[in-house]
Amino acid sequence: PSLFPWLGCSHRSSSICLRWEEEKKEDGVKWTQLEHRGPYFAPVYEPLPDDVRFYYDGKPLKLSLATEEIATFYAKMLDHEYTTKEIFQNNFFNDWRKEMTSDEQKIIKDLDKCDFREIHKYFVDKSEARKALSKEEKQKLKEEADKIQEEYGYCILDGHREKIGNFKTEPPGLFRGRGDHPKMGMLKKRIMPEDVVINCSKDSKIPEPPEGHKWKEVRFDNTVTWLASWTENIQNTLKYIMLNPSSKLKGEKDWQKYEVARRLKDVVHKIRAQYRIDWKSKEMKKRQRAVALYFIDKLALRAGNEKEEGETADTVGCCSLRVEHIRLHPQLDGQEHVVEFDFLGKDSIRYYNKVSVEKMVFKNLQLFMKNKDPSDDLFDRLNTSILNRHLQSLMDGLSAKVFRTYNASITLQEQLKALTNSEDNVAGKLLSYNRANRAVAILCNHQRSTPKTFEKSMQNLQAKVRQTKLRVPRPDLTSDLFLKKKKLLKRLEEQLAKLNVQATDKEENKQIALGTSKLNYLDPRISIAWCKKFGVPIEKIYNKTQREKFAWAIDMADEDFEF
DNA sequence: AGCTCAACTTAGAATCGTAATG
DNA sequence: CATTACGATTCTAAGTTGAGCT
């Protein structure tokens with residue numbers, strides 16, 4: 001039986017199977033029934049034992065409960081790099097002082113005189129103690145967590161029991177922005193039921209707020225998919241409780257995303273031809289649009305919205321590139337018309353690339369940069385809204401990010417075709433798969449910091465390779481002795497090959513994160529078709545969670561699937 | 001056209017749990 | 001059996017998009 005009966009077998013014969021689908025919803029309507037228990041709130045603050053003290057200017061100082069709680073947030077982070085940063089310290093201290101009693105404010109005036117070390121040690125010990133718990137005690141904790149998950153972790157959506165993605169409110173703490181964030185260290189306040197808006201269906205069992213509390217609001221909006229929301233106090237933006245990726249709602253949306261990208265495949269040649277023509281347009285605006293689109297298409301850059309200065313880290317995408325982010329080289333390393341990109345993108349991840357571009361693009365860039373300061377916008381006549389409006393006019397549903405999805409998926413398909421050798425064993429095929437995946441991750445600039453244990457674990461692996469090599473019997477033994485060892489030889493050679501593959505894969509993966517593209521950019525049907533075609537079990541490619549997320553694709557893709 | 005904002009997807013780091021190893 | 005290593009999972013920040021307003 002199908003995991004996704006509502007999908008029917010529409011990929012094979014949509015007209016016949018429509019009857020399996022649920023009642024078609026009106027435009028914008030996301031559900032007809034939604035019932036849940038509301039968010040699970042972060043545990044209340046437990047005061048420190050009396051023997052764990054905070055010191056000011058060398059002397060112990062008993063803090064009020066609220067002040068102490070915020071002190072523990074800082075204390076817990078003491079050995080993190082964040083606490084060495086001046087902005088972090090200042091933001092923390094400002095916000096902390098705001099929550100102090102007036103007596104405390106009179107005393108605590110200098111963060112440098114605050115000694116959190118005893119509190120820090122208390123939490124380190126506590127976490128050690130947790131790790132050292134007996135099997136039974138750990139089991140008991142696990143059961144308690146499972147019970148909460150069971151009670152709050154699911155909702156009913158249109159008759160199906162669905163897993164919720166994030167059913168807990170975010171606990172209070174100190175804001176940890178990425179990169180050079182001006183708000184790092186600010187106090188993230190505790191979310192109370194009075195901050196929370198509940199969304200559910202009118203006729204469902206309305207969730208009860210915790211004893212003695214009220215919800216901010218209960219609404220019945222079936223045009224949105226969230227179950228609860230609140231406004232976060234750092235950036236003053238909304239946070240939502242939403243469904244898990246394994247849910248039908250998210251799955252269908254995911255499917256739809258890849259179908260849009262597949263439609264782009266049909267018109268991308270036309271679009272490319274058009275932007276080449278537009279490079280010569282007499283309208284500056286059109287030229288900028290055409291060059292930006294070329295970057296988005298060729299380099300898989302993000303759209304690049306404008307950001308409010310001073311509110312977030314200074315990062316850019318395509319439309320928000322500044323003159324200082326590129327350098328033009330008429331010649332470089334034997335190539336012509338080279339553009340050197342160097343900027344911080346999403347999450348302050350550096351994008352560095354040297355690309356040889358078409359002559360017309362190069363000339364246009366020179367033109368766009370003429371008489372500008374380094375801090376001026378490269379595309380001063382363009383923004384994401386203009387670009388996306390244009391893209392929408394070229395194809396229904398087309399926006400800048402569709403190019404990332406399209407180029408990622410088509411690259412995976414092409415690379416799999418080029419790299420897979422049907423003669424290889426499963427390990428060899430998996431290396432090819434990972435390499436194809438890696439080509440996409442590199443295209444999308446999905447980086448990670450080299451794992452702390454990388455060098456060590458690489459050395460361990462190399463040592464293992466050496467050991468295995470030593471055990472391989474040598475043909476210089478007398479020939480019948482050698483023949484007897486043939487079986488062993490074969491086994492060891494296989495093992496050795498596998499280890500070498502592992503080592504290669506590991507090294508190539510040092511600073512590349514494969515997960516993001518796998519989860520968000522690669523049409524899962526490509527991978528599933530590949531698995532089926534080459535006899536690789538799907539579990540080798542997708543773990544349990546991933547198989548749940550991609551259930552829709554596992555259900556529909558056969559080995560002939562073409563993106 | 002430009003601005004603001006809600007709603008949603010995408011992202012790497014931190015933490016957790018378990019399998020491999022000694 | 002204890003420790004380590006690593007994949008899985010959780011967490012929540014940081015993007016994109018388009019609607020609605022002026």
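First the proteins, then the strands, lettered A, B, ... as listed; each starts at 1. Values below: all heavy atoms of this structure, side chains included; hydrogens, waters and symmetry mates excluded.
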query = Lys138(A) near the nucleic acid: base, sugar-phosphate alone, or nothing, with a heavy-atom cut-off under 4.0 Å?
reply = nothing
Any side-chain N or O of Gln235(A) less than 4.0 Å from the OP1 or OP2 oxygen of dA13(C)?
no
Per nearest nucleotide of DNA chain C, the residue lying toward the 5' end, Val402(A) or Asn543(A), is Asn543(A)
Rounded to whole Å, the CG-C1' distance (Leu443(A) to dA11(B)) equals 16 Å
Out of dA11(B), dA14(B), dA7(B), minimum distance to the side chain of Met242(A) belongs to dA7(B)
Ranking dA14(C), dA6(B), dT16(C) by distance to the side chain of Asn305(A), first place goes to dT16(C)
Sugar-phosphate, base or nothing in reach of Phe175(A), heavy atoms under 4.0 Å: sugar-phosphate
Between Arg130(A) and Ile349(A), the residue closer to the 5' end of DNA chain B by nearest nucleotide is Ile349(A)
note: Leu301(A), atom CG; dG15(C), atom P; distance rounded to Å ~ 14 Å
- Query: Would one find a side-chain N or O of Arg176(A) under 4.0 angstrom from OP1 or OP2 of dG12(B)?
  - Reply: no
Query raised in the report: Should Thr384(A) be listed as having a side-chain N or O under 4.0 Å from OP1 or OP2 of dT17(C)?
Result: no
Would you please indicate yes or no on a ring centroid separation below 6.0 angstrom for Phe116(A) and Trp96(A)? yes
Checklist line | Distance below 4.0 Å between His80(A) side-chain N/O and dA13(B) OP1 or OP2 | finding: no
Worksheet entry | Ring centre gap for Tyr82(A) and Phe88(A) strictly below 6.0 Å | yes
Closest to the side chain of Arg178(A), out of dC8(B), dT10(B), dA13(B), is dA13(B)
Considering only heavy side-chain atoms of Lys401(A), the closest of dT17(C), dA1(B), dA6(B) is dT17(C)
Among the nucleotides dG15(C), dA11(B), dT10(B), whichever has the atom closest to the side chain of Thr315(A) is dG15(C)
With a 3.5 Å distance limit and no angle check, can you tell me whether Thr411(A) reaches the backbone of Asn407(A) through a side-chain donor-acceptor pair? yes
Open item on the list: So Gly515(A), base contact, sugar-phosphate only, or nothing? Heavy-atom distance under 4.0 Å.
Closed with: nothing
Of the listed dA11(B), dA7(B), dG18(C), the closest approach to the Leu238(A) side chain comes from dA7(B)
Out of dT12(C), dG12(B), dT9(B), minimum distance to the side chain of His446(A) belongs to dG12(B)
The nucleotide from dT12(C), dA1(B), dA14(C) with an atom nearest the side chain of Lys346(A) is dA14(C)
* Asked: Going by distance alone, is a donor N or O of one side chain under 3.5 Å from an acceptor N or O of the other, for Glu143(A) and Gln139(A)?
  -> yes
Rounded to whole Å, the CD1-P distance (Ile234(A) to dA14(C)) equals 11 Å
Comparing Arg389(A) with Thr405(A), nearest DNA chain B nucleotide closer to 5' gives the residue Arg389(A)
DNA chain C nearest-nucleotide lookup for Glu170(A) and Lys544(A): closer to the 5′ end is Lys544(A)
Considering residues, nucleotides and ligands other than Lys307(A), do more than 12 of their heavy atoms fall under 6.0 Å from its NZ?
yes
What does Ser229(A) touch in the nucleic acid at a heavy-atom separation under 4.0 angstrom: a base, only the sugar-phosphate, or nothing?
nothing
**OP:** Output yes when at least one side-chain N/O atom of Lys239(A) is less than 4.0 Å from OP1 or OP2 of dA7(B), else no.
**Re:** no
**Prompt:** Under 4.0 angstrom, heavy atoms only, what part of the nucleic acid is Gly317(A) near: base, sugar-phosphate, or nothing?
**Reply:** nothing
For Lys121(A), I'd like to know if atom NZ has over 12 heavy atoms of other residues, nucleotides or ligands within 6.0 Å.
no
Select base, sugar-phosphate, or nothing to describe what Lys307(A) touches, counting heavy atoms under 4.0 Å on all strands. sugar-phosphate
Can you check whether Lys30(A) has a side-chain N or O nearer than 4.0 Å to OP1 or OP2 of dC8(B)? yes
If the cut-off is 4.0 Å, is Tyr240(A) near the phosphate of dT12(C), judged by side-chain N/O to OP1 or OP2? no
Task: Side-chain donor-acceptor contact under 3.5 Å, Asp254(A) with Gln256(A) - done: no
Review point. So what does Ala400(A) hit on the nucleic acid, given a heavy-atom distance under 4.0 Å: a base, only sugar-phosphate, or nothing?
Key: sugar-phosphate
Within the structure shown, what part of the strands sits under 4.0 Å from Pro245(A) by heavy-atom distance: base, sugar-phosphate, or nothing?
nothing
- Task: Just call it for Lys188(A): base, sugar-phosphate, or nothing, with non-hydrogen atoms closer than 4.0 Å on any strand.
- Result: sugar-phosphate
Side-chain contact check for Thr516(A): nearest option of dC8(B), dA6(B), dG12(B) is dG12(B)
